[in-house]
Amino acid sequence: MRSIRRGDSGPAVAEIRSILVGLELLDSPSPDQFDDAVDTSVRAFQQSRGIGVDGLVGDETWGALDAARWRLGARTLYYSVTDPLVGEDVRTLQERLLEMGYDAGRPDSIYGARTARAVSQFQREVALTQDGSCGPQTMKALRRLGRKVVGGRPQWLREAEAFRQAGTNLVGKTIVIDPGHGGGDDHGVVVPEGPLRWTEADLVFDLAARLEGRLAAAGMRVHLTRGPQPAKSMTGAERAMLANSLGADLLISLHLDGHDNESADGVATYHYGTGSGLSSTVGERLANLVQREIVVRTGMRDCRIHAKTWELLRLTQMPAVRVDLGYLTSPADRDRLVNPLFREQIVEAILAAVQRMYYPVEADVPTGSIDVRQLRMALSNRA
Ligand SMILES: [Zn+2]
C-alpha cells in the first residue's frame with residue numbers, strides 16, 4: 001500500500017488518529033486530517049516501537065498501530081492454531097510472564113503454543129483451571145502477582161544457554177544471510193547521479209554472495225533469503241519465517257544506509273531489544289562482534305550497535321542482527337563500497353565475527369586479529 005502521510009485525509013487517517021488517541025499520543029480524534037500533530041505523534045509511536053522514524057504510515061507502521069489497539073485485559077486471549085491472536089496485549093502478557101520467570105518465548109506479540117503453555121503453567125501455580133487462555137480470572141491473578149515478581153531476563157538466559165549447548169564448532173551450523181530489498185521496484189537506497197547498477201539491493205546481494213562462499217568454505221550450511229533478481233519483494237516477516245523454517249542458528253541481514261546529508265557516513269549494527277531493557281543477549285553479542293570487526297578492519301565510522309524491534313529481529317527464533325554497511329549517499333563510503341577489494345574486507349570482518357561467536361568466551365581473541373586464511377588451514381587439517 002502507498003504510505004499515508006502528512007497532508008492526507010479521509011477515513012484511514014481518522015482511524016490512525018483514533019488509535020493514537022487511545023495510546024495517549026494525540027489529543028483529539030475528531031478531524032480526519034493528517035496534520036503536524038499527527039505527524040509528530042506517528043513519529044513518537046515509531047520511536048517507541050523501534051520502527052524507522054519517518055512519520056509515514058506504511059505497511060509496518062500500520063501493522064504495529066493495528067496491533068497496538070489492544071490493551072491487556074480488553075479481550076480474552078486464547079491459543080488458535082489456524083488464526084493466532086496478535087496484538088500489543090499479547091506482547092504485554094509475554095513480557096510480564098518472562099519477568100515472572102515463565103518461558104513464554106520471545107515477546108513477538110503472537111499468542112502461540114509456547115505462550116499458551118506458559119499461561120497454563122502460571123494457572124497451575126495459582127490454582128486456576130489450566131486452559132492456557134487468558135481471561136478475567138487469569139488477568140486478576142496476573143495483576144495481583146505481576147508487580148511483585150520481577151526477575152532477570154529468563155528468556156535471554158535460556159537463549160544464551162541453548163546457544164552454548166549447540167557447541168563451539170561452527171562446522172555444520174546453519175546461517176541465513178539476508179540481502180535487504182530486491183524484487184519489484186524495491187532497490188533500497190539509490191544514488192541518482194551514480195551508475196544505477198549500484199543500488200543498495202545489488203550491492204548487498206554481491207556482499208551476501210561473497211559471504212555465502214566464505215562461510216560455506218568454513219563448513220557452515222548457508223542460505224540466502226533471496227536471489228539476485230527476485231520476482232517479488234519480501235517483507236521482514238517473510239524473511240524471518242524463512243529463517244525459522246530452516247532452523248537457522250544465526251541470521252545476518254545486510255543493508256546500506258542513505259541520508260539527505262551526504263556527510264552522514266559509517267556502519268551501524270542492530271539486534272533485537274526494546275526500550276524497556278529486554279534484549280537478546282546472544283544477538284547483542286553477535287551485533288557487537290560484527291560491528292567491532294568491521295570498524296577495526298575497515299576504519300569506517302563507528303555508528304555503534306542499537307536495539308530495535310523490527311519484524312526481522314523480533315520474529316526470528318535465532319540470534320539475528322542487521323548491519324548497515326555504510327551510507328551509499330556518502331561519497332566517501334560509496335567510493336569504498338563499489339570497490340570489490342573493500343567489500344572483501346567487509347566479508348572477512350563478518351566471517352571473523354561469526355567465528356568468534358563459536359569460540360568459548362574465555363578463548364576469545366582481540367578484534368581484528370583473526371587471520372581467516374589460518375582459520376581455513378586449521379579447518380582443513382582437522383577434516
Ligand atoms: Zn535497506
Side-chain angles (χ1 to χ4, degrees), residues 1 4 11-30 32 38 41-51 57-100 102-120 122-123 128 131-147 150 155 235-237 240-241 272-278 308-315:
M1 91 184 196
I4 303 167
V13 176
E15 184 77 21
I16 291 166
R17 292 190 68 122
S18 95
I19 296 169
L20 291 169
V21 169
L23 293 169
E24 295 174 3
L25 288 170
L26 189 68
D27 290 330
S28 144
S30 47
D32 62 356
V38 176
S41 84
V42 165
R43 285 169 193 270
F45 175 75
Q46 289 172 324
Q47 178 88 47
S48 72
R49 294 302 187 278
I51 301 170
V57 181
D59 287 337
E60 190 179 6
T61 301
W62 177 252
L65 278 168
D66 192 43
R69 284 179 221 257
W70 296 105
R71 320 261 84 199
L72 186 57
R75 59 176 172 173
T76 291
L77 296 170
Y78 58 91
Y79 174 47
S80 160
V81 184
T82 49
D83 190 16
L85 295 181
V86 178
E88 194 65 10
D89 49 352
V90 179
R91 191 168 79 148
T92 309
L93 172 68
Q94 288 170 326
E95 291 194 345
R96 199 160 293 177
L97 287 166
L98 286 169
E99 284 169 357
M100 296 171 72
Y102 295 93
D103 182 7
R106 182 171 287 200
D108 58 4
S109 311
I110 303 168
Y111 204 94
R114 204 147 151 197
T115 305
R117 215 177 309 127
V119 168
S120 166
F122 171 76
Q123 288 171 326
L128 289 171
D131 61 4
S133 63
C134 189
Q137 295 296 325
T138 306
M139 267 312 306
K140 216 167 114 191
L142 273 169
R143 247 183 246 118
R144 189 154 35 83
L145 292 169
R147 292 286 154 224
V150 176
Q155 161 69 4
T235 64
M241 294 313 158
Y272 178 79
T274 68
S276 62
L278 282 170
K308 293 286 176 189
T309 58
W310 294 327
E311 281 187 336
L312 180 76
L313 304 178
R314 190 177 74 235
L315 301 176

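Both backbone and side-chain heavy atoms feed into the values below; hydrogens, waters and symmetry mates do not.
Rounding to the nearest 0.5 Å places CG of Leu26 at 5.0 Å from CZ of Arg17. Between the CG atom in Leu93 and the CG atom in Leu77 there is a gap of 6.0 Å [rounded to 0.5 Å]. If you take CD1 on Ile4 and OG1 on Thr61, they are separated by 10.5 Å, rounding to the nearest 0.5 Å.
Thr309 places a side-chain heavy atom less than 4.5 Å from the side chain of Arg91. Side-chain contact between Thr76 and Pro136 is present, with heavy atoms from C-beta onward closer than 4.5 Å. Between Leu65 and Leu20, the closest side-chain pair of non-hydrogen atoms falls below 4.5 Å. For the pair Thr138 and Val119, the minimum side-chain heavy-atom distance is below 4.5 Å. Counting heavy atoms from C-beta outward, Tyr78 and Leu85 have side chains that approach closer than 4.5 Å. With contacts defined as side-chain heavy-atom distances shorter than 4.5 Å, the pair Pro84/Val90 does not qualify. Put simply, the side chain of Met139 reaches to within 4.5 Å of the side chain of Leu72, judged on heavy atoms. Tyr111 has its side chain out of reach of Val86: every pair of non-hydrogen atoms, C-beta onward, lies at least 4.5 Å apart.
Residues Ile51 and Ala64 come closest through the heavy atom pair CD1-CB, 3.7 Å. Minimum interatomic distance between Arg71 and Asp89 (heavy atoms only, all atoms of both residues): C-CB, 3.6 Å. Counting all heavy atoms, side chain and backbone alike, Ala240 lies closest to Leu312 at N-CD1, 4.0 Å. Considering all non-hydrogen atoms of both residues, Leu315 and Met241 come closest at CD1-CE, 4.1 Å. Here the closest non-hydrogen pair linking Cys134 and Leu142 is SG-CD1, 4.0 Å. Heavy-atom minimum distance, Tyr79 versus Ala116: CB-CB, 3.7 Å.
No more than 12 heavy atoms of other residues, nucleotides or ligands lie within 6.0 Å of CH2 in Trp70, so this atom counts as exposed by the packing criterion.
A donor-acceptor pair is defined here as one N or O able to donate and one able to accept, closer than 3.5 Å; such a pair exists between the side chain of Arg106 and the backbone of Leu313. Under the 3.5 Å distance criterion, the side-chain polar atoms of Gln94 are matched with a main-chain donor or acceptor of Ile110. Looking at Glu88, its side chain never comes within 3.5 Å of a backbone N or O of Ser109 through a donor-acceptor pair.
Under the rule for a side chain to side chain contact (heavy atoms under 4.5 Å, CB included), Ala67 has no partner lying at least two apart in sequence or in another chain. The side chain to side chain contact (heavy atoms under 4.5 Å, CB included) test applied to Arg43 returns Asp39, Gln46, Val53, not counting sequence neighbours. Every side chain to side chain contact (heavy atoms under 4.5 Å, CB included) that Arg69 has, sequence neighbours left out, goes to Glu15, Ile19, Trp62, Asp66.
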